[in-house]
Amino acid sequence: MSLIKSDERTPLLEVQNLKKYFPIKKGIISRTVGQVKAVDGLNLTIYEGETISLVGESGCGKSTTGRAIVQLDPQTEGKVIFKGKELSTLSSMELRKIRTDLQIIFQDPYSSLNPRKRIGDLLAEPLLAHKLTDKSEVSRKVDDILEIVGLSKFHKSRYPHEFSGGQRQRIGIARALILQPKLIVCDEPVSALDVSIQAQVLNLLKDLQKEFQLTYLFIAHGLGVVKYISDRIAVMYLGKIVELAKTEDIFKNPRHPYTQALLHAYPIPNPHLRSRERIVMEGDVPSPANPPKGCSFHARCPLAQDICRSQAPALQGDEHTVACHFPLG
Amino acid sequence: MSMANVNTEKDIPLSNVQAQLGAEESYMRMITKRFLKHKLAVLGLIVFCLIILSAVFAPLISPSDPYEISGEFAAAPSGEHMLGTDQVGRDLLSRLIYASRVSLSVGVGAVAIYVVIGTVLGAIAGYFGKWVDMVIMRLTDVFMSFPYLMVILVLVSIMGPDLYNIIIVLGLLGWPAICRIVRGSVLSIKEMDYVKAGVALGYSTPKIVFQHILPNCLAPILVNATFGIAQAIIMEASLSFLGMGVQPPTASWGNMLTEAQSLTVLSSQPWLWVPPGMMILLAVLSINFMGDGLRDAMDPKSLK
């Protein structure tokens, strides 16, 4: 079910028809009265060595997708196939083993580090838990990884609260990196940092990718951050991918009205270049508990026709896929 | 890795400052500092330490053998017997000192048992949720709805009123409160990203629960345990007062009070019941003050 055909690249991760529903419970016997369809039929193929970004506004299911991929919140339906193995069918032992190749970096650097553990122990723990390294080697490896992410070995005896947000995020990156994974899901790794630190962390991620041949699934809520780091961008709306293309295609030639609206929301620093008319979206994202019939974007779409209200468009196209009855361009 | 190196240079001056501050302000030190600012808590700690010391060194400091009949019956305090003698003629001060051993071991022993049971059950209920949580929490409700003193009386009378049985019975019945507290903490902590990170890193479930979650709910457990010690001491005193506690001739503060059940003793021989009553009061108050201080010191919101 690969959406982008490519002969020379090998898929590392395939997500097939991923669905994640959260039950809405009510009453004293907690009867399920409905479901929040956080992710509703998502297909995605990630190739080795690329950075693919998942973009969309709050509540569109991008973090849920990331968490389902690393099996933190297992999916309701669908398959996550990593290195040829379907993750939900693995035993807990096999899953634990495969997790060494599949890591996640969290959004909030303040809650992602255990406040009771020193940085040295925090980083040594994964190595010891998987018995991947000789005990004598562990300390040296921790020193190495700290240096790689721009910290020093004298930081090892410190507790997380003694670091700044940017430093903590780099510790989080070091922790994800120390098992030498193949794929790292970056769940808005820079959203909680201020802009100057954002650039540092993004550069670090880029450098690490070159050095360790990493593959990233990069989750972000704006296109700005993503432009700089990704090879391909997938735009999500209400639990589905609405457009997926190479970064430059998304920016130069957006085909989905939602992508276009997102691009218009991305500020242009130079006032002389601000000649374009701006499209500002009206209204809010519909509730994922009660998604609209037809195209999920039709209520906010300036181009909506009758067919949009009755029929959901499928993703179409080879290199540049879009789910829209009346694609732009 | 040029960028990373640039970052390092930028951060080092900052982190050196943090290093100096950070080394001094480690978590335990911060708590100790805050605890020491709490005057009543420090007073409680001193009194409690004195009681522990007198219990440990009882043979050295007690003036005579607590079981030896060495004077008149129920004699008033005098030079020979500083707190007088009891109704059998044993030295009251010595009995008071030896009794602290019983009361403290009941307090610490019972609490140690129920903290372990409550913490493990609470952690399991909170972490696994679903039907496991249901079963454990309903069990807690059942235990909490027992008429506490009645059940203890019945169990002790079945098992025999001996020091170890009392510790075991109090320990086996006291866990529900801690179980609920731990479950609540675990429920909130298991949603933290660092626990999720532990799962993503492929740690085993026991490792996540015992090394990542439980250390972070230590504060409420510790506070509850200190108050629990005070409660257990009172409970032992009540049991002994009712005659179901530690049996004579072994002295406990509670069974020394039993002797005050007669009106003559209450009205005309205060040396028989005031000292053990005072000791219970002192021990419980000092522990409660310590618990208060500990709770304030461990509360991150009380920033001082």
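So that the names make sense, note that chain A is the first sequence line, chain B the second, and so on, each numbered from 1.
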Student: Determine which residues belonging to residues 179-186 of chain A lie within contact range of chain B, meaning some heavy atom pair is under 4.5 Å apart, and list them by number or answer 'none'.
Tutor: Leu179(A)
Student: Does the side chain of Lys206(A) pick up a donor-acceptor pair with the side chain of Thr51(A) at under 3.5 Å?
Tutor: no
Student: Below 4.5 Å from any heavy atom of chain B, which atoms of Asp73(A) appear? Answer side chain, backbone, both or neither.
Tutor: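 Looking at Asp73(A), just its side chain touches chain B.
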Student: Taking atom types as modelled, find out whether Asn203(A) and Tyr228(A) have a side-chain donor-acceptor pair closer than 3.5 angstrom.
Tutor: yes
Student: When only heavy atoms count and the cut-off is under 4.5 Å, which of residues 96-109 of chain A reach chain B?
Tutor: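 Those residues of residues 96-109 of chain A which have a heavy atom under 4.5 Å from chain B are Arg96(A), Arg99(A), Leu102(A), Gln103(A), Ile104(A), Phe106(A), Asp108(A).
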Student: Any side-chain donor paired with an acceptor under 3.5 Å for Gln75(A) and Gln71(A)?
Tutor: yes
Student: Relative to chain A, which segment of Leu218(B) carries a heavy atom at a distance below 4.5 Å: side chain, backbone, both, or neither?
Tutor: side chain
Student: Among Ser92(A), Ala129(A), Ser111(A), single out the residue with the greatest number of heavy-atom pairs under 4.5 Å to chain B.
Tutor: Ser111(A)
Student: I need the minimum non-hydrogen distance between Ser112(A) and Asp193(B), along with the two atoms involved.
Tutor: CA-CB, 3.6 Å
Student: List the atom of Arg34(B), the atom of Asp296(B), and the distance in Å for their closest heavy-atom pair.
Tutor: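 Heavy atoms of Arg34(B) and Asp296(B) come nearest at NH1-O, 3.9 Å.
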Student: Counting only N and O atoms by type, is there a donor-acceptor contact under 3.5 Å from the side chain of Arg116(A) to the main-chain atoms of Pro215(B)?
Tutor: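 Pair found, side chain donor or acceptor close to backbone of Pro215(B).
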Student: Supply the atom-to-atom distance Leu123(A) CG to Asp144(A) CG, rounded to the nearest 0.5 angstrom.
Tutor: 11.5 Å
Student: Among residues at least two apart in sequence or on other chains, which ones pass side chain to side chain contact (heavy atoms under 4.5 Å, CB included) with Phe128(B)?
Tutor: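 Testing Phe128(B) for side chain to side chain contact (heavy atoms under 4.5 Å, CB included), a comparison that skips the adjacent residues, returns Ile124(B), Val132(B), Thr205(B).
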Student: Can you classify the ring geometry of His161(A) versus Tyr159(A) as parallel (below 30°), tilted (30 to 60°) or perpendicular (above 60°)?
Tutor: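 Ring orientation, 0 to 90° scale: parallel.
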Student: Mind checking side chain to side chain contact (heavy atoms under 4.5 Å, CB included) for Pro115(A) and listing every partner two or more places apart, or none if nothing turns up?
Tutor: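 For Pro115(A) the side chain to side chain contact (heavy atoms under 4.5 Å, CB included) partners, ignoring immediate neighbours, are Tyr194(B), Asn216(B).
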Student: Please examine the side chains of Met144(B) and Arg180(B), heavy atoms only from C-beta on, and report whether any two atoms are closer than 4.5 Å.
Tutor: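 Side chain of Arg180(B) against side chain of Met144(B), heavy atoms only: contact under 4.5 Å found.
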Student: I'd like to check Arg295(B) versus Leu222(B) (side-chain heavy atoms, cut-off strictly below 4.5 Å). Are they in contact?
Tutor: no
Student: Name the member of Glu125(A), His130(A), Lys117(A) that forms the most heavy-atom pairs with chain B at distances under 4.5 Å.
Tutor: Glu125(A)
Student: Determine the option with the most heavy-atom pairs under 4.5 angstrom with chain B, choosing from Met93(A), Lys210(A), Arg67(A).
Tutor: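 If we count pairs closer than 4.5 Å to chain B, Arg67(A) comes out on top.
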